[in-house]
Amino acid sequence: MPLAWTTPNVVALQLPSMRLRAFSRGNAGQPVLVCAPYALHGALVTDFAPGHSLVGALQRDGMNRIYITDWRSATLEMRHLSIDNYLAELNVAIDEIGAPVDLVGLCQGGWLSLVYAVRFPGKVRRLVLAGAPVDVSTPSELSKMVAALPQAAFEQMVQQGEGIVSGEHMLQFWNPPFSQHDVEAVLQRNLRDGSDEARMLLDRFKRWDRETLDLPGAYYLEVTGRVFRENQIAEGRFVALGRRIDPAEVRVPVFLLAGENDIVVPPDQAFATARLLGTPPAWLERASEPCGHLGLFMGRRALRHSWRRIARWLQADIGDVTGTRISA
């Protein structure tokens, strides 16, 4: 049985690629859509447990209309879905919410959010990219692993799954098992006191880690090829829904968040996105947390510190270069 969500929510929209989950407390306020990663693990990374929930952190800091892209695990019928399919359904979800939204992209949800913001100008008010790989010319352990494998290896993985890439297979290939020390580092707390809460968190994390997502083969080959091997987004060569994507066309306020010990998307890579954007310097914010990749989204300290700053930034008035204001 899948793990239950921590924060009460409803499924606002069901699409072939996702369930759009609404964590809303009334209809007032600016909508925030968190674009969860579509890679290996599900969207519960955004709402893992009490005290380790990004949704809960944003709610505590005054955000009342929060939505999550709960991506579906791929079935054989989904094997031909491409990046364009996911962008198109992200667009349907945003139209359902009501544009413009504040778009928060986590990890691989970050490059997807950036591409969306360029492809659909006017539908994103502010953009947050947390641990997001965009310019992989600045290397990471992930980008180096992808570059080291021949294209035939990725194609074989797709063929073995009859067009589907197994999440369980990817977990064995990409991720070593988590030790208790690893889980403590992710959650940023001591779990050795033998308490019921510590046992619950350790058990829940192990179950969360085992609940993997299968990916459509077409999507997987595009991501590993176009995004990671060829660096098309950063080089302005990525084509999304028939239009070339130039990150310099992003001129909305942007917040970049990085983990100081992140080997998946190290700070240099996370912050390299800034030089690609057309966002005025006054509208560009950066922050880093002393943690690894998952700690950015699930860590108690990160949620209390940088995400509180992000929540306040999303609700603040921001002056532009002409002296006018962009209000919350």
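Just so you know, these numbers use all the heavy atoms, side chains as well, and skip hydrogens, waters and symmetry mates.
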Note: Ala130 and Trp307 closest approach over all heavy atoms is CB-CZ2, 3.8 Å
Can you find a pair of side-chain heavy atoms, one from Trp111 and one from Val223, that are under 4.5 Å apart? yes
Are more than 12 heavy atoms, taken from residues, nucleotides or ligands other than Arg301, located less than 6.0 Å from that residue's CZ atom? yes
When the ring planes of Phe297 and His293 are compared, do they come out parallel, tilted or perpendicular, using 30° and 60° as the limits? perpendicular
Compare every heavy atom of Pro247 with every heavy atom of Ile233, then report the nearest pair and how far apart it is. O-CG, 3.4 Å
State which residues pass side-chain hydrogen bond (donor to acceptor under 3.5 Å, both in side chains) with Ser140; sequence neighbours excluded, sorted by chain then number. Ser143
Start with the C-alpha distance between Thr75 and Glu77, add both sets of side-chain angles, then the distance that settles side-chain hydrogen bond (donor to acceptor under 3.5 Å, both in side chains), and finish with yes or no. CA-CA 5 Å; Thr75 62; Glu77 292 74 19; 3.1 Å; yes
Scan for salt bridge (Lys or Arg N to Asp or Glu O under 4.0 Å) pairs involving residues 255-277, sequence neighbours excluded, and state none if there are none. Asp135-Arg275
Could you tell me which residues satisfy side chain to side chain contact (heavy atoms under 4.5 Å, CB included) with Ala39, sequence neighbours excluded, listed by chain and number? Gln108
Are Tyr38 and Ile164 connected into the same hydrophobic cluster when the rule is that any two of I, L, V, M, F, W, Y join if their side-chain heavy atoms are below 4.5 Å apart? no
Least distance between heavy atoms, Glu230 atom then Arg237 atom: O-NH2, 2.7 Å
Residues clustering with Val11 (ILVMFWY side chains joined when closer than 4.5 Å, directly or via others): none
Leu187 side chain reached by Met298 side chain, heavy atoms, under 4.5 Å: yes
Output for pair (Leu241 CG, Asn85 CG), nearest 0.5 Å, gives 8.5 Å
With Arg204 as the cation and Phe48 as the aromatic partner, state whether NZ or CZ is under 6.0 Å from the six-membered ring centre and within 45° of the axis. yes
Same apolar cluster (I L V M F W Y, side chains within < 4.5 Å links), Val134/Val264: yes
Under 3.5 Å, is there a donor on one side chain and an acceptor on the other for Arg244 and Gln232? no
Measuring only between side-chain heavy atoms, which start at C-beta, is Val146 closer than 4.5 Å to Arg229? yes
Name the orientation class of the two ring planes belonging to Phe255 and Trp313 (parallel below 30°, tilted from 30 to 60°, perpendicular beyond 60°). perpendicular
Trp71, Phe178, Trp208, Phe205 screened by ring pair (Phe, Tyr, Trp, His ring centres under 6.0 Å) with His41, the one that passes: Trp208
Looking only at the side chains, is there a donor atom on one of Tyr86 and Tyr219 sitting less than 3.5 Å from an acceptor on the other? no
Lys NZ or Arg CZ of Arg226 over Phe238 ring: under 6.0 Å, within 45°: yes
side-chain hydrogen bond (donor to acceptor under 3.5 Å, both in side chains) with Ser113: which residues, sequence neighbours excluded? none
List for me each residue that meets side-chain hydrogen bond (donor to acceptor under 3.5 Å, both in side chains) alongside Asn91, sequence neighbours excluded, and say none if there are none. Tyr116, Lys123
